[in-house]
Structures are given as structure tokens and as C-alpha cells.
Amino acid sequence: MSPALKRKLLLGLVLGLITADVGYLLVQRARNTVHIAADAAYASIPDVAVTHPQPAPPTLSMTLPGTINAWYEAPIYAQASGYVKMWYKDYGAAVKAGDVLAEINTPKLDAEYAQAQADLKVAQAKYGLAAVTVNRWRSMGQSQAVSGQSVSVQNANEQSARAELEAAQHKLDQVDAMERFKTIVAPFDGVVISRNINVGDYVGAGSGNMNANGTSSELFTVADTHAMRLFVSVPETFSSILKPGLVARVTVPQFPNAPFSANFLTIAKGFDPNTRTVVTEFTIDNQDQKLWPGSFASVSLTAPAEKGVYTIPTGALVFQEHGMQVATVDENHVVHMHNITVGRMSDAYTEVDGGVLPTDQIINNPPADLMEGQSVRLATPAQGYLSTPSSQNSGANTNEEDDE
């Protein structure tokens, strides 16, 4: 073969390879364009997981912390200043109304009492003299032996002496009443749950034992524990169940396997603006004295729930300028926004009082850019993700119907 022919064959082969390569690239580019367009079209339709509204439980239950207090609890302070002479009732002592708890030595008060007695005697003597004097002047006035002005002066002196006598008597009564506070007594039947004094302690009137840091405390605390008061702060959203007849189940750390029953007593008809809770009071029978004041309590409340209420995942809520909404999917996989009426809310689920039906397919965690009339593609959430087993089953059934 001639060299010229070889060159022509080689050139033709090179041109053929180039042509084939260019053709392959063009075909591959066309295929890529088609795939990209298909991927873009697929990606333009978001995948969403749907759930169905579930009927709310027939009963509403919650567990809240509470505090158990005595039926009556009285901190007892000193009303007379002095030194503790002796105390007679210690922690845990059962007392009756009027039982002596302690005695206080009050030298200053005793001196005031003696002074008040002496002042009363002086006033009595002055009044006696004024009474005798005015009687004599009145007799002389009748015989015109003295002027009427003089008689009037003696009458005024007698009235003044009588007033001083009454003032001295009231002063003595006042000091005598203070003297009685030298003896500290129990105000009612109960148990001594606190004793903050010792023999020789100085106590101040209107306060308690003066501690080393200068603060004061009560001398004793007496509690009536035949029944106990349970205080619970109930969230505002659950206040509707608080009414007469409600019975709470109460457990305390010291008796974890022995629950107590507490009966509704009253409610503070006002919410704490800081916590949005309302103080609720229950009563617990404590004839066996098992419960002590100050105990922490775990309070379980159960009450019938309203009918016609459904629950949806809280993540399904859509906050719009029109109010609270949910995004639903129709049989053609088109999104529609519906206004709803929201009831009680929790971290996981929210009660809906109106605006949804059990057959609605509600989008769980809808995308932020989801719009009315947009097409979506249904997807089954992974096991345990944003759904309960019942909602997963309902979602799976929906997808099976769509596949059919």
C-alpha cells in the first residue's frame, strides 16, 4: 500500500473516531438534560408525611407537684420580752388547747405591773379625797356659805380624779394582760412541730428568739394534723376540670406504694401572671397521723374530657395571619389550608376543638413555603418518627391506597 493511501486511511480513521466521540457526547448531553429536567420536576413536588386526627382520650389526666400543710398551723411568738425560764413541750409533743408550752421571766414587766398597782392605789386615794371634798363643798353651797363657782371647781376636781382612777385601772389591766403572756400556751389541740427556744434565751415582744445573726424566729409552731390541706398549682389550660367532686390521687415519698385520696375544697379564682397557674386546695383525712406538714406530694388528677375533641401532632400546626391552621391533602394530592380551633396544647400533641375531621389527611411538619393548591407527594415516615403507631398505620394505609 502506498504511503499516500495509508495517510488517507489513517486520517479517515481519526475523523471517524472524532465524529463518533462528538456524537456520543451530544447524545449523553441530551440524556443528561432529560434526567435533569425529570429530577427538577420531581424535586418541585415536596414529600410530606400525613397523619389523621385522633379522638382525644375520654379522660384528662395530669400529674403535678403539691405541698401538704396542716389543717391549722400557728407559729407562736412572744408578746412579753424576757428570758426563757423553762419550756415544757418538745418536738412531736401532742398538746391540748391551753397546755403550757413555756414560761418567761420578765423582770421589767413585773416592775411595770407593780408600778401600775401602786399608781392605782394613788388614784384611788386621790379620788377618795376628791369625793369627800366635793360633798362638803356641795353642802356649803346649799347654805350659801361658799360661792357657786367654788362648788363647780370642786365638782371638776372630783371628775378629774375619777378619770385618773379609771386610767390607772385600765393601765393595770393592760399590764396584767401582758403578765399573762409570760406563760406560752397552745392555741388549739395539735402537735408541736417546731421548738426554737432554750432555757435562758432572750425573747422579744412581738418576735421570737433573737439568734446570733440578729434575726428572730417563732418560739413554737403548733399544727392541727387531724386533716391536711393539699395545695397544687394547676396550669391555666386545665383549670376547667377543677370543680366540686374532683378527687385527686396523692403519693408522698415516704409512702410510695400507699396512695391517699384528696377531695377538692376550693380554688383561688385568679391566675398567677408569672406562672399562669391557679392555686387549688384539696383536703386529706389524716386521722392516723401518717402525713406530716410540709410533705412534698405527687398529685394525679383525672377528669372526664370534652367530647368531639381530636388530637393532632403539635408540629402540624401552621401559624398564619389568618389564625391557626393545618395543611390537608385531598385525594389528588393537592394542599388545602383549613382554619382550626385549638384547645389544650402540649409539646407533642394539641387538642383541636373544631375545623378537622377524622378522615382528614393532615401534613405533619409542613414545609415553611407550602402554599394553598400546591401538589405534594405522600411519604411514609420512618418507624417512631413524628408519629404514633396508630398514625403510622393510618399513613401506611393511605399510601397503600394511593399505590393501588
Side-chain angles (χ1 to χ4, degrees), residues 67-125 127 163-229 231 283 285-295:
T67 301
I68 296 176
N69 289 338
W71 187 254
Y72 296 125
E73 185 172 321
I76 301 173
Y77 292 88
Q79 294 297 319
S81 298
Y83 296 90
V84 177
K85 177 181 179 181
M86 181 59 68
W87 55 263
Y88 301 101
K89 301 296 181 181
D90 206 349
Y91 287 92
V95 295
K96 297 292 184 179
D99 283 356
V100 177
L101 304 178
E103 291 182 350
I104 302 173
N105 278 328
T106 59
K108 181 179 179 181
L109 183 61
D110 294 342
E112 292 179 359
Y113 184 70
Q115 180 67 48
Q117 288 178 318
D119 291 342
L120 178 61
K121 291 179 180 180
V122 171
Q124 289 173 338
Y127 176 70
E164 290 178 358
L165 176 61
E166 292 177 353
Q169 182 64 56
H170 290 318
K171 179 62 177 180
L172 179 62
D173 293 341
Q174 178 185 1
V175 179
D176 181 63
M178 295 301 299
E179 280 279 312
R180 298 177 186 177
F181 285 114
K182 293 168 54 176
T183 302
I184 308 299
V185 299
F188 46 74
D189 296 354
V191 178
V192 175
I193 63 173
S194 174
R195 175 185 62 80
N196 298 313
I197 58 171
N198 280 303
V199 175
D201 283 349
Y202 176 76
V203 296
S207 61
N209 178 31
M210 304 301 294
N211 299 322
N213 58 4
T215 60
S216 62
S217 60
E218 64 272 14
L219 307 184
F220 294 88
T221 301
V222 177
D224 178 1
T225 57
H226 80 281
M228 308 299 282
R229 299 180 190 268
F231 295 93
T283 61
D285 181 72
N286 194 40
Q287 294 295 337
D288 53 5
Q289 305 293 306
K290 293 179 67 175
L291 293 175
W292 295 350
S295 297

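Counting from 1, the numbers follow the sequence of the chain as shown. Predicted, not measured: the structure shown is a model, and the values here were computed from it.
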Please report the interatomic distance [atom1]([X]) to [atom2]([Y]), rounded to the nearest 0.5 Å.
X: H170; Y: D176; atom1: NE2; atom2: CG; value: 14.0 Å
X: I197; Y: W87; atom1: CD1; atom2: CH2; value: 8.5 Å
X: Q79; Y: I104; atom1: CD; atom2: CD1; value: 9.5 Å
X: L291; Y: N286; atom1: CG; atom2: CG; value: 4.5 Å
X: M228; Y: N69; atom1: CE; atom2: CG; value: 7.0 Å

(request) Could you please spell out the steps behind the side-chain contact (heavy atoms from CB on, under 4.5 Å) verdict for F188 and V95? (result) CA-CA 8 Å; F188 46 74; V95 295; over 6 Å; no
(message) Can you see whether S194 engages N196 through a side-chain donor-acceptor pair at a distance of less than 3.5 angstrom?
(response) yes
Answer whether the closest heavy-atom distance between the side chains of [X] and [Y] falls below 4.5 Å.
X: V203; Y: V84; answer: yes
X: T225; Y: W292; answer: no
X: I76; Y: L101; answer: yes

Any chance [atom1] of [X] has more than 12 other-residue heavy atoms, nucleotides or ligands included, within less than 6.0 Å?
X: Y83; atom1: OH; result: no
X: W71; atom1: CH2; result: yes
X: Y72; atom1: OH; result: no

(request) Start with the C-alpha distance between E179 and T106, add both sets of side-chain angles, then the distance that settles side-chain contact (heavy atoms from CB on, under 4.5 Å), and finish with yes or no. (result) CA-CA 8 Å; E179 280 279 312; T106 59; 4.2 Å; yes
Closest heavy-atom contact between [X] and [Y]?
X: A168; Y: L120; result: CB-CA, 3.8 Å
X: F220; Y: I184; result: CD1-CG2, 4.4 Å
X: Y202; Y: S81; result: OH-CB, 3.6 Å
X: H226; Y: D224; result: ND1-OD1, 2.9 Å
X: A80; Y: L109; result: CB-CD2, 4.0 Å

(request) Return yes if some donor-acceptor pair links the side-chain N/O of N105 with the main-chain N/O of P107 below 3.5 Å, else return no. (result)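 Such a contact is absent between N105 side chain and P107 backbone.
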(message) Any side-chain to backbone donor/acceptor pair from D189 onto A97? Under 3.5 Å, distance only.
(response)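 It does hold such a pair.
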(request) If a pair satisfies salt bridge (Lys or Arg N to Asp or Glu O under 4.0 Å) and one of its residues is in residues 106-116, list it, with sequence neighbours excluded. (result) D110-K182
(request) Return each pair, listed once, that meets salt bridge (Lys or Arg N to Asp or Glu O under 4.0 Å) where at least one residue sits in residues 67-95; pairs must be two or more places apart or across chains. (result) K85-E103, D90-R195
